[in-house]
Amino acid sequence: MKQFYVLRGLTWPFRYLFSLLKRKLGKLDVLRIEVFVVLGNDTHLFVKGRVVEAYKQSRPSDKQNVFHNILATLRRYAGSSVPDAKIELSLGDRKIILITDEEGIFERYHKIGNEKEKMANTVQFSLVEEEGLKAEKSFIEKSVLRFQKTFPRAIISDIDDTIIISKATNIQEKFWLSVSKNAYTRRPFPGVSGFYRLLSSNGDYPVFYVSSSDWNLFDLIKDFMNYRNIPGGPILLKDHHMSLRNIWKSGGGSHVHKVDKISFLMNFYPKLNFVLIGDSGQHDPEIYAEVIQKFPGRVEAVYIRQVGAVDESREEELNALLPANKIAWVQNSTEAIEHAKQHLGL
């Protein structure tokens with residue numbers, strides 16, 4: 001492990017200054033652009049990603065042992081984010097400069113200006129190489145995900161303890177799962193793949209994932225869903241930085257950002273109605289109740305997987321917001337599938 005990584009536990013102002021000092025001294029490693037989201041509609045493009053010092057990470061395997069998985073976790077969280085890096089975004093015939101924030105994150109909500117931009121199916125990202133900065137690749141190309149037609153439904157789902165067993169209500173178990181397992185050895189809830197494929201017509205309808213996990217887990221989540229045959233889709237995670245010192249907080253803390261991200265999706269795709277899927281272990285019922293009130297008529301159904309003891313007051317509050325049989329509190333995917341076939345006409 002590089003000598004500079006011993007300071008990863010510092011708060012972000014110090015890490016920010018430390019990164020600038022490394023750049024000034026020419027000590028930054030080759031940089032990697034990681035693109036998280038590229039969404040488009042008739043009028044706007046939304047992109048999000050980050051710039052980090054490149055780190056080597058082997059592909060996950062179900063043959064890897066606990067020690068190997070712990071080392072992979074250390075590599076994932078030890079990589080240094082790079083603030084104030086310039087990224088050139090190419091869309092159609094337009095070039096746009098993005099600058100990473102103190103966490104190395106870049107984000108842009110861009111109003112499409114002409115027909116070439118509107119018709120562009122891909123965008124390119126390249127690092128503007130300055131003194132002390134060198135990119136791992138000359139550019140990265142990503143498809144623009146557009147959902148312009150009116151689908152019968154779209155799905156917005158939580159991740160932890162909704163599709164993947166995370167033990168989010170038990171800090172010790174949650175931490176051990178986070179560091180000792182990989183994308184191939186983390187376990188889904190039985191039947192999740194079949195349920196999501198039923199709702200999304202085998203992945204043809206849009207599926208979005210909104211979670212309080214941090215961006216360091218982006219690749220793990222993508223690999224997990226692919227391996228477990230769960231329909232893929234845009235993943236929106238929590239922006240707050242996680243390091244080796246506070247990895248155990250991933251997925252916890254305030255969940256206000258989930259309301260913001262769900263609201264963004266519903267505003268960005270105003271013709272889509274949604275099915276919301278979550279669990280009762282944290283705040284999904286309250287978050288979804290707020291979304292239903294904020295966007296009347298846009299939520300077709302809600303599925304909440306019960307975690308722990310039943311809280312009738314929470315159920316009553318959410319049940320009062322949609323017609324009968326449009327909110328299902330389920331113990332497992334079999335119950336969810338039966339409800340969907342009966343009440344969503346699938």
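Residue numbers start at 1 and run along the sequence shown.
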Parallel, tilted or perpendicular: which one describes the rings of Phe147 and Tyr269, with boundaries at 30° and 60°?
perpendicular

Around Glu317, counting heavy atoms of other residues, nucleotides and ligands shown, do more than 12 lie under 6.0 Å from its CD?
no

Within 6.0 Å of NZ in Lys86, more than 12 heavy atoms from elsewhere
no

Please tell me whether [X] and [Y] are part of a single hydrophobic cluster in this structure, the criterion being side-chain heavy atoms less than 4.5 Å apart.
| X | Y | result |
| --- | --- | --- |
| Ile33 | Ile97 | no |
| Tyr109 | Leu39 | yes |
| Val299 | Leu346 | yes |

Hey, are the side chains of [X] and [Y] touching, using non-hydrogen atoms and a 4.5 Å cut-off?
| X | Y | result |
| --- | --- | --- |
| Val302 | Leu322 | yes |
| Ile292 | Leu318 | yes |
| Phe125 | Phe106 | yes |
| Glu290 | Ile287 | no |
| Tyr209 | Ile221 | no |
| Ser213 | Asp160 | yes |
| Trp329 | Ile327 | yes |
| Ser280 | Arg314 | yes |

Is there a donor-acceptor pair under 3.5 Å between the side chain of [X] and the backbone N or O of [Y]?
| X | Y | value |
| --- | --- | --- |
| Asn226 | Lys222 | no |
| Asp161 | Ile165 | no |
| Ser211 | Leu237 | no |
| Arg305 | Gly278 | no |
| Lys118 | Gly113 | no |
| Thr100 | Val51 | no |
| His339 | Asn325 | yes |
| Thr122 | Ser143 | no |

Spacing of [atom1] belonging to [X] relative to [atom2] belonging to [Y], to within rounding of 0.5 Å:
| X | Y | atom1 | atom2 | value |
| --- | --- | --- | --- | --- |
| Ile235 | Ser157 | CD1 | OG | 10.5 Å |
| Leu45 | Arg146 | CG | CZ | 7.0 Å |
| Lys261 | Ile156 | NZ | CD1 | 12.5 Å |
| Lys271 | Asp42 | NZ | CG | 6.0 Å |
| Leu199 | Lys341 | CG | NZ | 11.5 Å |
| Ile163 | Tyr196 | CD1 | OH | 6.0 Å |

Could you point out which residue of His257, His283, Lys258 forms a side-chain hydrogen bond (donor to acceptor under 3.5 Å, both in side chains) with Ser212?
His257

Would you kindly say whether [X] and [Y] are connected by a side-chain donor-acceptor distance under 3.5 Å?
| X | Y | answer |
| --- | --- | --- |
| Arg197 | Asn202 | yes |
| Gln306 | Glu315 | yes |
| Thr43 | Lys111 | no |

Hey, do the aromatic rings of [X] and [Y] have their centres closer than 6.0 Å?
| X | Y | value |
| --- | --- | --- |
| Tyr303 | Phe195 | yes |
| Phe268 | His44 | no |
| Phe264 | Phe46 | yes |

Please report the shortest heavy-atom distance between Phe189 and Ile164, naming the atom on each side.
CE1-O, 3.6 Å

